[in-house]
Amino acid sequence: MEEYSREPCPWRIVDDCGGAFTMGVVGGGVFQAIKGFRNAPSGIQRRLLGSLVTVKDRAPIVGGNFAVWGGVFSTFDCTLVYLRKKEDPWNSIMSGAATGAVLAARNGIPAMAGNALVGGVLLALIEGAQILISKIGSEQFKPASPMDLDYVKGFAEGSQQ
Amino acid sequence: NDYDNVSAYGTTRGRASTLSPYLNFDPSYLDTQQPEFIFPEGASRQRGRFELAFSQIGASVMGGATIGGATGLYNGIRQTALAGHTGKLRMTQVLNYTMKQGANVASSLGVIAVMYSGTGVLLSLARGSDDEVNTVASGAITGLLYKSSAGLKTCLKGGAVGLALTSAYCAYTSDRIRNFFK
């Protein structure tokens, strides 16, 4: 059952941290591999070696950044669920804004505000896309209205004479 | 009538049997020794490797962050005390030490966890079954892979360490191996 595939809230933080780390390592690994390949001196062996070295150095860092983002986001999300006692898209949007603010805390208040805005807008876009997709997906379950059937239409028109 | 209060199994039940026909059942139908679960279509009894993977990876990252952060904090306080820093400079330096060491250990342990889980999932898909062989093999492969760029000897040492760790884990926790030695 899909709604039981996520852990309950405290353990969800660990799960989300791990998921974000994996995404960062895999995505960052691919990205850094291409970057290392392009930045290496010519010759296929040197390029492959350069790609490997860049992935080894940079991919864990990208993974760590993603993991921090995912962990902090999930912590705020679970806290809001506990405080508001409901689960809806507003939790995700507010958590995204708070995460952006916290991760820019070393750069002063204006940077925090800007990052919070970016984080909130990004999550609002993601949540909006999810709602749109679920609305379109649920159209297939809509029951047919009896007025749309042809013989009922004909009956309704005939009875108006 | 003498048979008013006697249940279908011949034992005297008193007034209860006349209240409801549902109370006349043989209690041996209920097996209360084993827990009884309902499994949805196609679900297996144990949680699969892929479901456990993210929890393991997350726990490694967070555990590594705690260990590395504690080590960095200790080193930072010692080094800044030796260098005689005070006030805001000291706080910034200690924070730098903590975060740097924390991030390093967290990402190292996380990468090891990703390699272990990834190879475990791939092996269980390729073999079609999930047992201790997958655990031990993926531990060995992870050790080899993690140290693969440091020369052949270090690579083999890493593989041996991975093999030893996962074998010890299986020896302690696996039921099949325990029953084998009983």
Side-chain angles (χ1 to χ4, degrees), chain A residues 1-30 32-33 36 48-75 77-78 102-108, chain B residues 37-43 47-66 68-69 72 88 91-96 98-122 142 145-150 155:
Chain A
M1 291 192 230
E2 239 182 67
E3 56 267 14
Y4 295 125
S5 66
R6 293 193 84 188
E7 299 277 324
C9 230
W11 293 267
R12 197 184 287 187
I13 301 174
V14 176
D15 247 18
D16 284 352
C17 191
F21 185 82
T22 312
M23 276 200 301
V25 164
V26 168
V30 168
Q32 299 291 344
L48 286 177
L49 203 61
S51 166
L52 195 68
V53 165
T54 314
V55 167
K56 256 190 47 139
D57 281 340
R58 301 284 174 83
I61 299 177
V62 176
N65 289 341
F66 269 66
V68 164
W69 198 96
V72 173
F73 174 80
S74 197
T75 312
D77 202 32
C78 284
V102 161
L103 292 179
R106 267 191 130 171
N107 302 342
Chain B
F37 297 110
I38 301 173
F39 293 101
E41 291 280 320
R47 293 179 80 179
R49 277 183 188 273
F50 189 68
E51 291 173 20
L52 289 172
F54 289 142
S55 308
Q56 286 174 342
I57 298 171
S60 307
V61 169
M62 292 179 117
T66 316
K88 211 160 183 217
M91 199 174 74
T92 311
Q93 283 282 54
V94 168
L95 203 64
N96 283 345
T98 310
M99 305 218 86
K100 192 153 172 239
Q101 186 75 332
N104 278 340
V105 178
S107 55
S108 301
L109 285 188
V111 165
I112 293 175
V114 168
M115 286 182 186
Y116 170 74
S117 302
T119 47
V121 166
L122 287 175
T142 303
L145 201 60
Y146 188 66
K147 291 287 184 186
S148 58
S149 60
C155 180

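Naming convention: chains lettered A, B, ... in sequence-line order (proteins, then strands); numbering from 1 in each chain.
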Starting at CD1 of B:Ile57, measure out to CG of A:Asp15 and round the result to the nearest 0.5 Å.
9.5 Å

Please determine, among A:Val25, A:Thr22, A:Val53, the option with the most heavy-atom pairs under 4.5 Å with chain B.
A:Thr22

How close do B:Ser107 and A:Pro60 get, heavy atom to heavy atom, and via which atoms?
CB-O, 3.6 Å

Part of B:Val111 within contact of chain A (heavy atom distance under 4.5 Å)
both

Minimum-distance pair of heavy atoms, taken over all atoms of B:Val61 and A:Ala67:
CG1-CB, 4.0 Å

Please classify the contact between A:Arg12 and chain B as side chain, backbone, both or neither, with a heavy-atom cut-off of under 4.5 Å.
neither

Identify which part of B:Ala59 has an atom lying under 4.5 Å from any heavy atom of chain A, answering side chain, backbone, both or neither.
both

Mind ranking A:Asn65, A:Val26, A:Val14, A:Leu52 by heavy-atom pairs under 4.5 Å with chain B and telling me who comes out on top?
A:Val14

Answer with side chain, backbone, both or neither: which region of B:Thr92 has an atom nearer than 4.5 Å to a non-hydrogen atom of chain A?
both

Less than 4.5 Å to any heavy atom of chain A: does that hold for the side chain of B:Ser149, its backbone, both, or neither?
side chain

Interatomic distance, A:Glu7 atom CD to B:Phe54 atom CZ [nearest 0.5 angstrom]:
12.0 Å

